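Right, one structure below, let's go through it.
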Amino acid sequence: MGVRITGWGTAVPDRIVTNDELSLTLDTSDQWITERTGIRERRIGGSAMTLGTLAGERALADAGLSTSDIDFLVLATTTPDRIAPATAPMIANAMGLTCPAMDVNAACAGFMYALRTAQGLLETGNKKILVIGAEHLSRWVDWTDRNMAVLLADGAGAAVLEYDPDGTDLLSFSLGADGSAADLLTCEHGGFFEMDGKEVFRRAVRVVVSSAEEALKEAGITADDLALVIPHQANLRIIQAATQRLGIEMSRAVVVLDRYGNTSSASIPLAFADARDNGRVKAGDYALLTGFGAGMTWASAVVKWSR
Ligand code: COA
């Protein structure tokens, strides 16, 4: 049973907010944010629906498909526009899709969980699935709180997955969740994101490394075989620490957080698109996709690009 990833699309708001701009209203600096996180600027605006719709339309065009081809829409989002309805049906309506549509919330591991969900949906008879990660995190940021304001941002990314009986791009998955760590990173109803940054940092490195090792083992390859690592974009130091522990040089990791900040469910497809735009995605290459987030949740997958 195989899954081909046949199209990708992204969307980010036009509005760029630099570290210097944040420093005008917060007790922070470009130097602190850059050194501690790697983030230089981020995009702010739109909504989960508007950004997700645009990314979804672009992924569909990239795959050369029309709306009637899609059997299911899975939207990964931590920041749905409303508690009810889910945002996925609104995106489906805006795109002109008539298929089932649902949200998946696994925080910053959301896109990976959505890929896994789509894989299962393809195994039960669906032929073509649109997976979108879309976030409007800025809506849930207290812009007077420098701890979170420097990190979170808005954006969306999407992928089209197609059933192929003859082969697969998705070689392995390792997913996990540990609800005992739920209070480390939260956003209450009507509240804002809050985080124990140091503890999230420590656990993030640990779960990325362990899930990556499991996914590599299940795929029957080693870290040396990887051409690319496409990690969730939370903090450059987390990416550096995890790749170092896995024995992977940073030159093989894709980093876009300098331009987009932490866009949660959108960060992995945004990173993929950047890698492809820069000619780093080649047929036959192995890549590790890995994410972690509030929950805590985590997920790694090994992919072998067929196109
Ligand atoms: N600007 C300037 N100074 C800041 C600051 C900011 N935005 N935020 C914190 N500081 C200060 C602290 O008050 C502290 O000052 P002190 O030494 O006088 O007490 C100092 O900088 C160091 O703070 P600390 O919290 O130890 O920094 P850190 O190196 O742990 O970095 C994070 C903070 C949040 C960037 C880091 O912990 C992190 O990235 N954690 C994981 C975040 C993450 O991945 N979240 C998303 C999961 S999906």
Side-chain angles (χ1 to χ4, degrees), residues 17-42 76-79 104-114 133-138 140-155 157 175-179 181-187 192-209 211-212 230-243 245 253 255-258 260-271 289-300:
V17 177
T18 63
N19 291 346
D20 281 336
E21 184 174 347
L22 290 180
S23 310
L24 296 174
T25 50
L26 291 170
D27 182 15
T28 189
S29 65
D30 176 47
Q31 189 186 357
W32 191 96
I33 303 169
T34 306
E35 283 178 6
R36 297 293 180 118
T37 71
I39 298 167
R40 294 180 182 275
E41 60 186 39
R42 71 284 291 142
T77 185
T78 321
T79 50
V104 167
N105 179 352
C108 300
F111 191 78
M112 303 299 297
Y113 267 67
E135 299 287 4
H136 187 200
L137 292 156
S138 66
W140 307 101
V141 168
D142 171 0
W143 289 96
T144 65
D145 173 14
R146 68 179 183 178
N147 292 319
M148 298 309 302
V150 303
L151 301 174
L152 303 183
D154 305 326
L175 290 86
D178 176 7
D183 291 340
L184 293 179
L185 176 46
T186 58
C187 180
F192 299 112
F193 278 100
E194 293 178 82
M195 175 175 65
D196 176 346
K198 274 196 193 314
E199 190 53 26
V200 170
F201 191 114
R202 262 193 293 272
R203 287 172 185 249
V205 175
R206 221 181 295 149
V207 296
V208 165
V209 171
S211 65
I230 304 182
H232 169 50
Q233 309 280 313
N235 185 316
L236 182 61
R237 292 187 295 134
I238 294 177
I239 299 174
Q240 287 167 334
T243 50
R245 276 171 216 196
V255 175
V256 296
L257 56 78
D258 52 329
Y260 298 132
N262 181 348
T263 56
S264 192
S265 298
S267 79
I268 288 176
L270 281 172
L289 277 55
T290 182
F292 60 89
M296 283 190 72
T297 55
W298 59 88
S300 290

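No experiment lies behind these values; they were computed from the predicted model shown. Start at 1 and go down the list; that is how both ligands and their atoms are numbered.
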Which side-chain N or O atoms in residues 289-299 pair as donor and acceptor under 3.5 Å with protein atoms at least two apart or in another chain?
from   : atom 1 : to     : atom 2 : distance (Å)
Thr290 : OG1    : Ser300 : OG     : 2.8
Thr297 : OG1    : Ala106 : O      : 2.8
Thr297 : OG1    : Ala294 : O      : 3.4

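Residues satisfying the side-chain contact (heavy atoms from CB on, under 4.5 Å) test with Val17, not counting sequence neighbours, are Arg15, Glu21, Leu22, Arg42, Ile44. Among residues two or more places apart in sequence or in another chain, the side chain to side chain donor-acceptor pair (under 3.5 Å) test is passed with Asp178 by Ser180.
Thr78 is listed as a side-chain neighbour of Ser265, based on a closest heavy-atom distance under 4.5 Å. Looking at Val150 and Asn19, their side chains never come closer than 4.5 Å, going by heavy atoms from C-beta outward.
Sorted by chain and number, the heavy-atom contacts of ligand 1 below 4.0 Å come from Asp27, Thr28, Trp32, Arg36, Thr37, Cys108, Arg146, Asn147, Val150, Leu185, Met195, Gly197, Lys198, Val200, Phe201, His232, Ala234, Asn235, Arg237, Ile238, Asn262, Phe292, Gly293.
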Practice item. Using the side-chain hydrogen bond (donor to acceptor under 3.5 Å, both in side chains) rule, take His136 and Thr79 through it: C-alpha gap first, then chi angles, then the decisive distance, then the call. Key: CA-CA 6 Å; His136 187 200; Thr79 50; over 6 Å; no
